[in-house]
Amino acid sequence: MKPLLASLLALVAAVWGWDVLNTSYPASAHPLWISRQEALYLSGYLSIALMSLAMFLATRPTWLEAPLGGMDRVYRTHKWAGILAISLAALHWLIEMSDDILKSTIGREGRIPKEKFAGLLKVLRDLAEDIGEWAIYAVLIMLVITLWKKFPYKAWRCLHRAMPVLYLMLAFHAALLAPTHYWAQPAGVLLAALLAVGVYGAFRSLQGGIGRTRQAAGEILAVEQPSPDITTVRCRLDRGWRGHHPGQFAFVTFDEKEGAHPFTIASADQGDRVIRFDIKALGDYTGSLAARLQAGQDMRVEGPYGRFDLARCNPHARQIWIAGGIGVTPFLAWLESLQSAPAQAPEADLHYCTRDQARDAFVPRLERLCATLPRIRLHVHGARQGASLTAESLSRSLGSEKQAEVWFCGPSGLADALRNGLDRLGRRLRFHQEAFEMR
């Protein structure tokens with residue numbers, strides 16, 4: 001995520017800097033007025049560049065999963081590109097408003113002469129300026145709602161559908177108000193390319209084309225509730241389903257009004273297009289699924305996505321698999337996929353962290369699956385039983401082993417504690433973690 005965002009910001013800064021070096025200002029221009037204008041150009045350019053990236057990433061380009069590390073990372077990059085873009089749009093607006101401050105301090109003298117336009121172009125530029133201002137207000141409101149986690153997801157999702165329209169308004173603003181001399185320089189070429197991919201993403205979203213080629217219809221076979229906060233749904237998909245690798249996830253639509261939600265596929269691919277989801281009650285929607293769903297009901301799945309794949313484990317490194325709560329689902333799929341060939345299972349320690357080992361519905365399933373896989377050592381850490389997984393205990397279990405990698409799925413707080421603790425102990429392990437947060 002960080003390299004992609006940093007590379008884009010650096011590229012925009014480079015072409016902007018090239019323009020600055022090749023622009024001549026009147027001798028009468030005051031340095032503060034020059035600085036304001038260039039800051040206005042740079043903040044606007046950076047904002048629309050990041051917004052274009054965010055809009056393109058919203059189309060779920062599967063070819064970016066490998067370089068970015070999975071669709072969860074693609075969405076994380078989309079999220080932070082959007083946050084940075086809106087923050088820079090706010091800065092752009094503040095810089096625009098700063099002209100009154102400069103007028104009151106250094107006066108109007110030394111201002112840079114404005115470009116003259118007439119006819120239709122002048123009308124369009126005036127319209128673009130007004131549209132851009134109102135769009136900035138709207139995206140600022142969207143940013144506040146997105147960061148306010150208590151705002152209902154369903155309402156947020158409905159409001160989020162307006163983002164392609166707001167982007168098109170800002171793209172119109174950027175294209176019309178960009179300095180005319182940009183279009184004969186690298187700055188204009190890059191801006192045109194960014195606007196093209198952003199507009200493509202916006203129209204793809206408005207047309208409902210995102211993920212359409214990866215969708216498969218299906219039918220619910222069974223709905224079970226192994227514990228009060230877990231709903232297990234077994235589904236059979238049509239021939240449009242391409243199959244999946246153990247550990248991948250899919251966007252599942254049980255109710256068209258509710259829309260798609262991402263859930264990890266908790267079963268291995270047996271070639272019969274039957275898949276299982278173990279869904280934890282984390283909100284009003286997931287908490288009511290057991291009452292809403294029934295066998296025979298139609299549903300739709302889009303996917304699969306993700307790179308949390310058993311096949312990507314390093315066969316030469318000691319495997320440490322860590323699951324926290326509902327984060328056990330990809331490991332259930334891993335274990336199921338190994339049942340047909342136990343001898344091919346890698347040597348691994350599977351640590352499952354749960355609140356109450358005695359009441360956890362996943363513990364018996366884990367024990368049953370691991371019983372046939374002698375190379376997989378299961379360790380259950382029940383908080384109520386006084387057992388907890390720490391970086392120190394992990395380090396002791398590794399002994400003098402230097403080549404090891406961690407595959408983690410669970411709460412980010414636990415991941416941060418383990419990763420930071422291992423770093424302090426001098427254990428620089430390769431740490432694979434799903435960034436499973438789509439909002």
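All of these numbers come straight from a predicted model, not from anything done at the bench.
- Of the possible polar contacts, none joining the D229 side chain to the A281 backbone as a donor-acceptor pair under 3.5 Å is found.
- Counting only distance, with no hydrogens or angles, the side chain of R157 and the backbone of E258 share a donor-acceptor pair below 3.5 Å.
- Under the 4.5 Å side-chain criterion, counting only non-hydrogen atoms from C-beta, I48 is not in contact with L194.
- With hydrogens and angles disregarded, a donor-acceptor distance shorter than 3.5 Å links the side chain of R212 to the backbone of G208.
- For the residue pair E405 and Q319, a side-chain donor N or O sits within less than 3.5 Å of a side-chain acceptor on the partner.
- The backbone N or O of G188 lies less than 3.5 Å from no partner atom in the side chain of Q185, so there is not a single donor-acceptor pair.
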Could you go step by step and tell me if L53 and L5 meet the side chain to side chain contact (heavy atoms under 4.5 Å, CB included) rule? CA-CA 9 Å; L53 175 64; L5 294 178; 3.7 Å; yes
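- Neither side chain, H316 nor Q403, offers a donor N or O lying under 3.5 Å from an acceptor on the other.
- Below 30°, between 30° and 60°, or above 60°: for W156 and H160 the angle between ring planes is below 30°, a parallel geometry.
- Put simply, the side chain of R36 gets close to the backbone of E96: a donor and an acceptor are under 3.5 Å apart.
- Checked by atom type and distance alone, the side chain of E302 never pairs as donor or acceptor with a backbone atom of F251 at under 3.5 Å.
- Between R368 atom CZ and L373 atom CG the span is 12.0 Å, to the nearest 0.5 Å.
- Partner W407 forms a ring-ring contact (aromatic ring centres under 6.0 Å, His included) with one of W334, F331, F431 and no other, that one being W334.
- Residues H261 and I279 have side chains not in contact (no heavy-atom distance under 4.5 Å, counting atoms from C-beta outward).
- In terms of heavy atoms, G243 sits closest to P304 at O-CG, 3.3 Å.
- When atom types are taken as modelled, the side chain of R375 and the backbone of A345 share a donor-acceptor pair closer than 3.5 angstrom.
- Side-chain contact check for L191 versus W183: some heavy-atom pair is nearer than 4.5 Å.
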Evaluate the criterion side chain to side chain contact (heavy atoms under 4.5 Å, CB included) for residue pair L350 and L335; output intermediate values, then yes/no. CA-CA 10 Å; L350 171 57; L335 296 174; 3.9 Å; yes
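- D349 has a carboxylate O that lies under 4.0 Å from a charged side-chain N of R318, or vice versa, which qualifies the two as a salt bridge.
- The CD atom of E392 lies 5.0 Å from the CG atom of L425; values are rounded to the nearest 0.5 Å.
- The backbone N or O of R307 sits less than 3.5 Å from a side-chain atom of R312, completing a donor-acceptor pair.
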Under the criterion side chain to side chain contact (heavy atoms under 4.5 Å, CB included), I'd like the reasoning laid out for H173 against I131: C-alpha separation, chi angles, the key distance, then a yes or no. CA-CA 7 Å; H173 173 88; I131 285 178; 5.6 Å; no
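- Side-chain N/O atoms of S395 and R427 include a donor and acceptor closer than 3.5 Å.
- A cation-pi arrangement is absent between R419 and F408, since the terminal nitrogen or guanidinium carbon is not both under 6.0 Å from the aromatic centre and inside a 45° cone about the axis.
- Proximity of P330 to W321: side-chain heavy atoms (C-beta onward) are nowhere separated by under 4.5 Å.
- With a 4.5 Å cut-off on side-chain heavy atoms, I265 and R276 do not count as touching.
- Side-chain contact check for Q297 versus V223: every heavy-atom pair is 4.5 Å or farther apart.
- Put simply, CD1 on I320 and CG on L398 are 5.0 Å apart, with the number rounded to the nearest 0.5 Å.
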Show me the donor-acceptor pairs, under 3.5 Å and distance only, between side chains in residues 230-238 and residues at least two apart or in other chains.
from : atom 1 : to   : atom 2 : distance (Å)
T232 : OG1    : D278 : OD1    : 2.6
D238 : OD1    : G240 : N      : 2.9
D238 : OD2    : A217 : N      : 3.2

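- Here the OG1 atom belonging to T264 is positioned 14.0 Å from the NZ atom belonging to K280, to the nearest 0.5 angstrom.
- Nearest heavy atom pair, residue A81 against residue L50, reads O-CB, 3.6 Å.
- Ring centroid separation for the pair Y167 and F203 does not come in under the 6.0 Å cut-off.
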Validation: residues 382-389 side-chain donor-acceptor distances under 3.5 Å, sequence neighbours left out:
from : atom 1 : to   : atom 2 : distance (Å)
R384 : NH1    : D356 : OD2    : 3.4
Q385 : OE1    : Q357 : N      : 3.0
Q385 : NE2    : D356 : OD1    : 2.9

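- Remark: Y352 pairs with no residue by the ring-ring contact (aromatic ring centres under 6.0 Å, His included) rule, at least two apart or across chains.
- Looking only at side-chain heavy atoms (C-beta outward), V20 and Y41 stay at 4.5 Å or farther from each other.
- For the pair G198 and M55, the tightest heavy-atom approach, listed with the atom from each and the gap, is O-CG, 3.2 Å.
- Of the possible donor and acceptor atoms, one in the side chain of Q339 sits under 3.5 Å from a partner among the backbone N and O of L369.
- Within the 4.5 Å cutoff, no side-chain heavy atoms of L8 are placed close to those of L4.
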After noting the C-alpha distance and the side-chain angles of L206 and L168, does the key distance pass the side chain to side chain contact (heavy atoms under 4.5 Å, CB included) rule? CA-CA 11 Å; L206 291 172; L168 291 174; 3.9 Å; yes
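- Side chain of H92 to backbone of L40: a donor-acceptor contact under 3.5 angstrom is found.
- A centroid separation of 6.0 Å or more is found between the aromatic rings of F308 and F249.
- Considering every non-hydrogen atom in both G132 and L170, the closest pair reads O-CD2, 3.8 Å.
- Rounded to the nearest 0.5 Å, atoms CE (M51) and CG (L84) are 10.5 Å apart.
- Here L91 contributes atom CG and I136 contributes atom CD1; the two are 10.5 Å apart, rounded to the nearest 0.5 Å.
- Annotation: R359, atom CZ; neighbour count of heavy atoms from other residues, nucleotides and ligands within 6.0 Å does not exceed 12.
- We find that R73 and E65 are not joined by a salt bridge, their nearest charged nitrogen and carboxylate oxygen being 4.0 Å or further apart.
- The aromatic rings of F56 and W63 lie tilted to each other, with the angle between the two planes from 30° to 60°.
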